[in-house]
Amino acid sequence: MFEEISVSRGGRAYVGGVVAAGAAVIGFSILQLVAVPPHPYWFILILLTLMTGPLSIRVPSSRATISVSDTFVFASLVWFGPAAAAVTIALDGFLVSLWGRRRSFSRGLFNISEPALSIWLAGQLFFAMAGETPFFGRSVPFSPLVGPLLAMTTSYFLFNAGLSLTALWFETGLGPTRFLRANLPHLGLVYFANTLLAGLLVLNSNNVTLTAFGVLVPVLVFTYAVSKLAIDRRETLEALRESEARFRELAENINAVLWTVDAETHHVLYLSPAYSRIWGQTVAPGDLAGIDRFEHVHAEDRATVRKAFTTGAAEGTFDVEYRVVHPDGDLRWIHDRGFPVTDSAGRVRRVVGIAEDITARRQLEQQLLQARKMEGIGRMAGGIAHGFRNILTTILGYSEILMDQLDERDPKWAPTLKIRQASGRAAELTSQLLAFSRQQVLRLEVIDVNDLVRSIEDMLQRVIGKEVSIETRLADTLACVKADAAQLEQVIVNLAANARDAMPRGGRITIATSHTTMTETPGAEDAPVRCVVLTVSDTGTGMDERTRARIFEPFFTTKELGKGTGLGLATVYGTVKQLGGHISVESTPGHGSRFSIYLPQTDEKPRATARAMDRRGGAPKGTETILLVEDEEAVRGFVATVLRRAGYRVVEAPAAKPALAAIDRLDTAVDLLVTDVIMPGMNGGELADVLKTRYAGLSVVFISGYGAANLQDNGIDTGNDVLLEKPFGPDALLRTVRATLDASRDQPAVARTAAR
C-alpha cells in the first residue's frame, strides 16, 4: 500500500514485526502449496494479478496507493484458499515495489509481507466461519455464506488499512482517522465492489469461464474506473481548495482592494479585506449587496467616478483616480481599475477590478510640484531682486552722498535720512528674496557654531524680550562648519523671533548643538556625511500638519495682516540650502516646535580675521586709473561719481565692446577693472579674461546683484577676484577698491602687453 517506509526507531520496530509475521505466513503458505498443489488455473490468476498490479492508484497528499489487483487476489482466496491468496498477493507486492519510483528495501519487504498477512488472516476467518474448503469447480449454497463473506472482506480491509495506516502514522505523523475521513468515500466504494465480487465468485465457482470473463473482467474494469474517478475528483477538490487558499492569501495581504460587481444591478459581490484598511470601513460579507460604492467618495469626485463606472460597466472597462473620505476625515487617493467578465454570448456579466491606495504617490507628486513651483518662484525672486538691487544701489548711494554734504541741522537732513533708512530696509528685504532663491552673496569662513551662539546670546535676549528665557545646551566638543557668519546669525535670529511669536504668554527657547551622521538622500547609497546639528526649539503653541507642510513657502504666514512678510522661514530655508545643509521641523499643536539645521562639518580650523579699515580714518582715496563697465546708467553714474570724488581717474563704458575701444585710446595703463557681471553681449567675466591678456596682473572688482553660486550656475566664474554685492554705499565701494589696489602692490607693476 505504500511506496516508501522511512520511520522513526519505534516505527522501524513496528515494521520489523509486521515483516516477520508476514514472512512466516508466506513461508507456511509455500510449504502448504508444495504439499498440496492447487489447480493450474491458479497460475492464470497469478499472471492476471501481476499484470494489473501496476494499475495501482495513488492517493493524493500521501504516499499511499490502492491496488485494483485485489479482484484476482479474492478469486485466489475463495477458489484456492488462504495459502494461494497469500502467495499471490505477496508476488503482487513484490512487483509493485519494483515499479515504485523510490526503491527501498524496507518498502519492498513491507509491501510483500503486510498484504500477505492481511489476506491470510481474512481467509482463515472466512473458511473457519463457513466450515467449507476452497470452492473451485464445485457448487455450494450461497445463503449460509453471506455472513462469512462479509466477515472476510471486512476483516481484510481492517487488517490491511490498520497495518498500513499505522506505518503511515509513524512515517508522516498523519493519523489513521484523518486519512480514513479524507478517503472514506473511495475506500467504501472499493470495499463494496470487492464484497460483491466475493459473492459472485462463490455463486459461480463451478463455472470458471463465466466467472473469468463475466465477473472478474467487468469487476476489474468497474473497480479501476470508479477508483480513478474518485481519485480524480479528490484531486480536483484539493486543487480547488489550494487555488482558493492562494487567492485568499493574495487578497488578504495585498495592499489593494480586489472587488467584483454585478454589471446589471451594480451590487457588490466581493470585497477583499484591504477595503477596511484603505476605506476605513468594516463591512460584513452578508451586507455586500447593500454597499453604495460611491458613498465614501469625496463629494467633488463622486459624479466623475459614478459616470466613469457606469460607462465602464457598459463598455467593460474603466480607469479612474479619486479621493475617499475616512470616518475620521482623513483623505486617501485611490486608483481604481475595472475589467469585464463576459459569458459565452459575449455579454458583460460582472466587472472585476482592483483599487489601489496611491496616497503616498500623490503626496510625492505634490512635493515635486511644490519643489518645482518653489524653484520657479526662486528664479523670479532672484530676477526681481537683481533688478531691484540696481535701483537700490543708486538710491542708497546718492542718499549717502547727500548726507555727507548736509549738516544735521539742515532741513534736508531728516528727509534724506528717511530715504537712506527706507532704502536700507528695502535692501534687507531684497537680501531675504535672494536668500530664499539661494542667490545671495555668501562670505564663507570656518565657524565654530558654539562660539557663534555664545556671541549672540545676549543680543538675542534683548531682541526676544524678558518674557521668554533662552537656554543653551552646547556640545562639549564641536567640529567647525564653513558658512557665512552673518547669514547664520540671521537664521538663528529668525527662528528665535518666530519662537517668541508662538509664545505670547512667555516660555523657553532652547538652542542646542550636537553631531550626527546622515546621507543627503534617504535610502540612497551616498557616503555618510558628518554634520553639525544646530537645534532651536520652543515651548510654544506648535503647529498642525497642514501648517507645518507650508511654513517654508514664501509669503506664507500665520500672523495678522501687516505683521509679517512671510519671508522669514523661506529665507532660513534658502540660506541653509545654499550652505549645503538640511533643515527639518518637528511640531505638534500644544507641544512647541523644534527646528534642526544640519550643516556639513569641516576639518579646517577657524582663522583670526583682521577687521576692515577703521571707519574713523575716513573714506580711502587714490589716484589710479579705473575702468568702470556697467550697463545700468544710474548705477554707473553713482559709482563714477564716488570714485572721482575720491581722486581716481575713471573711464566709463556701458558694455564690453565700448570698454575695449575706450582703453585703446588711453595713453596710460589701467590699474583696476570695476565691472558688472551680467551684461548684454560679452559678460563681465569674459571681459576680465580679455583685459588680463592685455594688462599683466590686472586686478578686478566685480559688482553684481547675483551671488557667486548663481553666477557659476550660469557659466560665469569670478575666480579669485573680488565680488562686491549690490546694493552698496560709497564707503563700501571705496574701501573695496582701495583694498584691491593695495593687495596688488606686491605684484609686478601693471603694464600694457604686446598682445592686443
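The analysis underlying the following values was restricted to heavy atoms, covering all of them including side chains, and did not include hydrogens, waters or symmetry mates.
- Atoms CG and CG, on Leu569 and Leu495 in that order, are 6.5 Å from each other to the nearest 0.5 Å.
- Between Phe702 and Val722 the shortest side-chain heavy-atom distance does not fall below 4.5 Å.
- For Glu457, the side-chain contact (heavy atoms from CB on, under 4.5 Å) criterion is met by Thr472, not counting sequence neighbours.
- Here Leu672 contributes atom CG and Leu628 contributes atom CG; the two are 10.0 Å apart, rounded to the nearest 0.5 Å.
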Requested in this report: Please lay out, stage by stage, how Asp319 and Asp336 fare under the test side-chain contact (heavy atoms from CB on, under 4.5 Å).
Outcome: CA-CA 6 Å; Asp319 190 320; Asp336 209 343; over 6 Å; no

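- Open room surrounds CZ on Arg473; 12 or fewer heavy atoms of other groups in view lie less than 6.0 Å from it.
- Exactly one residue among Ile470, Ile509, Val453 makes a side chain to side chain contact (heavy atoms under 4.5 Å, CB included) with Leu460. That residue is Ile470.
- Annotation: side chain of Val529 is not in contact with side chain of Thr517 (no heavy-atom distance under 4.5 Å).
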### Message
Applying salt bridge (charged side-chain N to carboxylate O under 4.0 Å, His left out) to Glu356 and Arg337, what does each step give before you reach the verdict?
### Response
CA-CA 9 Å; Glu356 181 183 4; Arg337 288 163 289 173; 3.6 Å; yes

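- Of the possible polar contacts, none joining the Tyr322 side chain to the His335 backbone as a donor-acceptor pair under 3.5 Å is found.
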Notebook entry, point to check: Does the side-chain contact (heavy atoms from CB on, under 4.5 Å) test come out yes or no for Ile703 and Val677, once each step is laid out?
Noted result: CA-CA 6 Å; Ile703 55 176; Val677 180; over 6 Å; no

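- Between the side chain of Arg594 and the backbone N or O of Glu586 there is no donor-acceptor pair closer than 3.5 Å.
- Within the 4.5 Å cutoff, the side chain of Pro680 has heavy atoms near those of the Asp631 side chain.
- Closest heavy-atom contact between Ala479 and Val532: O-CG2, 3.5 Å.
- Ser587 contributes a side-chain N or O that, together with a main-chain N or O of Met543, makes up a donor-acceptor pair within less than 3.5 Å.
- To the nearest 0.5 angstrom, Leu599 atom CG is 6.5 Å from Ile597 atom CD1.
- To the nearest 0.5 Å, the span separating CD1 on Ile447 from CG on Leu478 amounts to 12.0 Å.
- The shortest side-chain heavy-atom distance between Phe638 and Ile401 falls under the 4.5 Å cut-off.
- Looking at heavy atoms from C-beta onward, Ile511 lies out of side-chain contact with Thr535 at the 4.5 angstrom threshold.
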Please report the C-alpha distance between Ile358 and Ile334 in whole Å, then the side-chain angles of each, then the deciding distance to 0.1 Å, and finally whether the side-chain contact (heavy atoms from CB on, under 4.5 Å) criterion is met. CA-CA 6 Å; Ile358 59 169; Ile334 306 298; 5.9 Å; no

* To do: Begin from the C-alpha positions of Lys692 and Val700 and carry the test side-chain contact (heavy atoms from CB on, under 4.5 Å) through to its verdict.
  => CA-CA 9 Å; Lys692 284 179 180 180; Val700 180; 3.7 Å; yes

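- When every heavy atom of Ile464 is checked against every heavy atom of Ala496, the shortest pair comes out as CD1-O, 3.5 Å.
- Between His515 and Val533 the shortest side-chain heavy-atom distance does not fall below 4.5 Å.
- For the atom pair Arg735 CZ and Phe728 CZ, the distance stands at 15.0 Å (nearest 0.5 Å).
- Taking His326 as the reference, Asp328, Asp330, Arg332 meet the side-chain contact (heavy atoms from CB on, under 4.5 Å) condition, with sequence neighbours excluded.
- In this structure Arg323 satisfies the side-chain hydrogen bond (donor to acceptor under 3.5 Å, both in side chains) test together with Glu300, Asp301, sequence neighbours excluded.
- Just one residue in the list Leu723, Leu724, Thr675 forms a side chain to side chain contact (heavy atoms under 4.5 Å, CB included) with Val701, and that residue is Leu724.
- At least one donor-acceptor pair closer than 3.5 Å links the side chain of Thr539 to the backbone N or O of Arg508.
- Here the closest non-hydrogen pair linking Leu579 and Pro600 is O-CD, 4.3 Å.
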Can you check salt bridge (charged side-chain N to carboxylate O under 4.0 Å, His left out) on Glu632 and Arg636, steps first, answer last? CA-CA 6 Å; Glu632 286 288 336; Arg636 187 173 69 251; over 6 Å; no

Apply salt bridge (charged side-chain N to carboxylate O under 4.0 Å, His left out) to Glu321 and Arg362, showing your working.
CA-CA 10 Å; Glu321 292 184 1; Arg362 276 282 188 161; 2.9 Å; yes

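- At a threshold of 4.5 Å between non-hydrogen side-chain atoms, the residues Trp279 and Val257 count as touching.
- At distances below 3.5 Å, not a single donor-acceptor pair connects side-chain atoms of Thr575 with backbone N or O atoms of Val572.
- Taking all atoms of both residues into account, the shortest heavy-atom contact from Ser584 to Tyr598 is OG-CE1, 3.7 Å.
- Using a 4.5 Å heavy-atom cutoff, the side chains of Asn498 and Asn494 are not in contact.
- The two atoms that bring Thr359 and Trp333 nearest to each other are OG1-N, 2.9 Å, heavy atoms only.
- Side chain of Glu686 to backbone of Asn683: a donor-acceptor contact under 3.5 angstrom is found.
- When atom types are taken as modelled, the side chain of Thr513 and the backbone of Ala475 share a donor-acceptor pair closer than 3.5 angstrom.
- The OG atom of Ser537 sits 14.0 Å away from the NE2 atom of His591 when rounded to the nearest 0.5 Å.
- In this structure a side-chain-to-backbone donor-acceptor pair under 3.5 Å is missing from Asp448 to Cys480.
- Listed for the Gln461 side chain is a donor-acceptor partner under 3.5 Å among the backbone atoms of Gly465.
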